[in-house]
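Taking it in order: structure first as structure tokens, then the write-up.
Chain identifiers are assigned alphabetically (A, B, ...) following the order of the sequence lines, protein sequences preceding nucleic acid strands; residue numbering begins at 1 within each chain.
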Amino acid sequence: MCFHNSLTATVAEVEQRFEATNKTKQADFEPVYHGNGFDFPVWPVITAQAPKSIQLFQWGLVPRWVKTKEEAEEMRANTLNAKAETLGEKPSFKYALREAQRCLIPSTGFFEWQTVGKNKYPYYIRLRNQPIFAMAGLWESWHNPAYPDDIWNTFSIITTEANPLMARIHNTKQRMPLLLLPGSESLWLQKDLDTAALNEIARPLDDSLMEAFTVGRLVSHRTANSNVPEVTNPYAYPELSQQQLSLF
DNA sequence: CCAGACGTTGTT
DNA sequence: GTCTGG
DNA sequence: CCAGACGTTGTT
DNA sequence: GTCTGG
């Protein structure tokens, strides 16, 4: 869940939304209409350690104890997401959690598939009143022992149980990204967040704040370039009932 | 004890 | 680095 | 889902 | 043809 994200905002918009300054080497971001986690794209993030800065980290968390580049590359396909419920137990995430290496991952909407019979229908999901919002993440800085200058700053998107809207869409896994209300964003970045507070924040967002609609199957095509504006165009599947087409 | 895992959920 | 499975 | 692998044994 | 990896 949550391997398919988007960020179609300018640097200025992200700066304004999160009250942070662009510290990347890029004057602006390329809009991401469809970012596939398995491509391990770089993404703007805001860390607890530098909450006033926008940095570019790579999606797919590489734990600090990884020994080789090969192991790092293998690991990250499995750490695109991190289950909120078990962050403290998993060797891949526990050190990042212990040292409060939490972060915000700006998004303008994400994709998920609904299984109906033998078919899969892609949906685009976003927040009603917030064009840009934050997913909760953990980050790590991995230093390649073979090359001291080879440092990988990576992140993982936290997932939690699905709310009723997301349970209908992502009906096989019943999971969703941990979405933060603006009021929870600064809490997530606080360094001394205890377990009770974390568990309180790590709850599924109220689905009355979200909206979702079916999109065309371009997003599902691996060979085609799906990182184009049309990927989020609404598309009505005749065989789906009206209530499934648009979940507002 | 040592070796091996360490993780999550994907699709026209 | 630490836990798990054999 | 699609792309790519799919296997074994050796020597100069 | 079928399994695996991404």
Inset, instruction - Looking only at non-hydrogen atoms, find the nearest pair between A/H4 and A/W59 and report the distance. - result: N-CH2, 4.0 Å
Inset, instruction - Round to the nearest Å and state the distance from A/M176 atom CE to B/dT9 atom P. - result: 13 Å
Legend entry - Rounded interatomic separation in angstrom, taking CE from A/M75 and C1' from B/dG4: 11 Å
Inset, instruction - Considering only atom C1', compute the distance from E/dT2 to D/dG7 and round it to an integer number of Å. - result: 16 Å
Inset, instruction - Return yes if a side-chain donor-acceptor contact under 3.5 Å exists between A/H221 and A/S226, otherwise no. - result: no
Inset, instruction - Please check if the side chain of A/Q101 supplies one atom and the backbone of A/W139 the other of a donor-acceptor pair under 3.5 Å. - result: yes
Legend entry - Atom-pair distance (OH on A/Y123; P on B/dG10), nearest Å: 15 Å
Legend entry - Side-chain H-bond candidate by donor/acceptor type, A/W152 with A/D150, under 3.5 Å: yes
Legend entry - Atom C1', compared across D/dC1 and B/dT11: separation rounded to whole Å: 4 Å
Side-chain donor-acceptor pairs of residues 195-206 of chain A under 3.5 Å, sequence neighbours excluded:
residue : atom : partner : partner atom : Å
A/N199  : ND2  : A/T195  : O            : 3.3
A/D206  : OD1  : A/S208  : N            : 2.9
A/D206  : OD1  : A/S208  : OG           : 3.1

Inset, instruction - Using a cut-off of strictly less than 4.0 Å, decide whether A/R217 has a side-chain nitrogen or oxygen near OP1 or OP2 of B/dT11. - result: no
Side-chain donor/acceptor pairs under 3.5 Å, residues 82-98 of chain A, sequence neighbours excluded:
residue : atom : partner : partner atom : Å
A/E85   : OE1  : A/R175  : NH2          : 2.9
A/E85   : OE2  : A/R175  : NH1          : 2.7
A/E85   : OE2  : A/R175  : NH2          : 3.4

Inset, instruction - Give a yes/no answer on whether the side chain of A/T79 brings an N or O atom under 4.0 Å of OP1 or OP2 in B/dC6. - result: no
Inset, instruction - Mind calculating the distance between CD (A/Q174) and P (B/dT8) to the nearest angstrom? - result: 17 Å
Legend entry - A/T108 side chain to A/T8 backbone, donor-acceptor under 3.5 Å: yes
Inset, instruction - Using the P atom as the reference point in each nucleotide, state the distance between E/dG1 and B/dT12 in Å, no decimals. - result: 23 Å
Legend entry - Distance below 4.0 Å between A/K90 side-chain N/O and B/dC6 OP1 or OP2: no
Inset, instruction - Rounded to the nearest angstrom, tell me the gap between atom CD in A/E74 and atom C1' in B/dG4. - result: 12 Å
Legend entry - Donor on one side chain, acceptor on other, A/S141 and A/N153, under 3.5 Å: yes
Can you tabulate the close N/O pairs, meaning under 3.5 Å, that link protein atoms to atoms of nucleotides 1-4 of chain C?
residue : atom : partner : partner atom : Å
C/dG1   : O6   : A/K67   : NZ           : 3.2
C/dT2   : O4'  : A/Y95   : OH           : 3.1

Inset, instruction - Give the dot-bracket string for DNA chain C, reading 5' to 3', where a pair is Watson-Crick or G-U wobble with both distances under 3.5 Å, ( ) marks pairs inside the strand, [ ] marks pairs crossing earlier ones, | marks a partner on another strand, and . marks unpaired. - result: ||||||
Let me have the donor-acceptor pairs involving side chains of residues 35-48 of chain A, under 3.5 Å, with sequence neighbours excluded, atom names and distances please.
residue : atom : partner : partner atom : Å
A/N36   : OD1  : A/F38   : N            : 2.8
A/W43   : NE1  : A/P106  : O            : 2.8
A/T47   : OG1  : A/Q49   : N            : 3.4
A/T47   : OG1  : A/A50   : N            : 3.0

Legend entry - Any A/I158 side-chain heavy atom under 4.5 Å of A/W188 side chain: yes
Inset, instruction - For A/Q114 and B/dT11, give me the distance from atom CD to atom C1', rounded to whole Å. - result: 15 Å
Legend entry - Whole-Å gap separating C1' (B/dG10) and NZ (A/K120): 8 Å
Legend entry - Distance, C1' atom - from C/dT4 to B/dT9, rounded to whole angstrom: 23 Å
Legend entry - Same-atom distance (C1') from B/dG10 to D/dA3, integer angstrom: 15 Å
Inset, instruction - Using a cut-off of strictly less than 4.0 Å, decide whether A/S220 has a side-chain nitrogen or oxygen near OP1 or OP2 of B/dT12. - result: yes
Inset, instruction - Check whether the side chains of A/Q130 and A/R17 place a donor and an acceptor atom closer than 3.5 Å, and report yes or no. - result: yes
Inset, instruction - Please report the closest heavy-atom contact between A/K23 and A/S53, naming both atoms and the distance. - result: NZ-OG, 3.3 Å
Inset, instruction - Let me know the distance between CD of A/E112 and P of B/dT11, rounded to the nearest Å. - result: 8 Å
Legend entry - Contacting residues from residues 30-40 of chain A, given that a heavy atom lies under 4.0 angstrom of DNA chain B: A/N36, A/F38
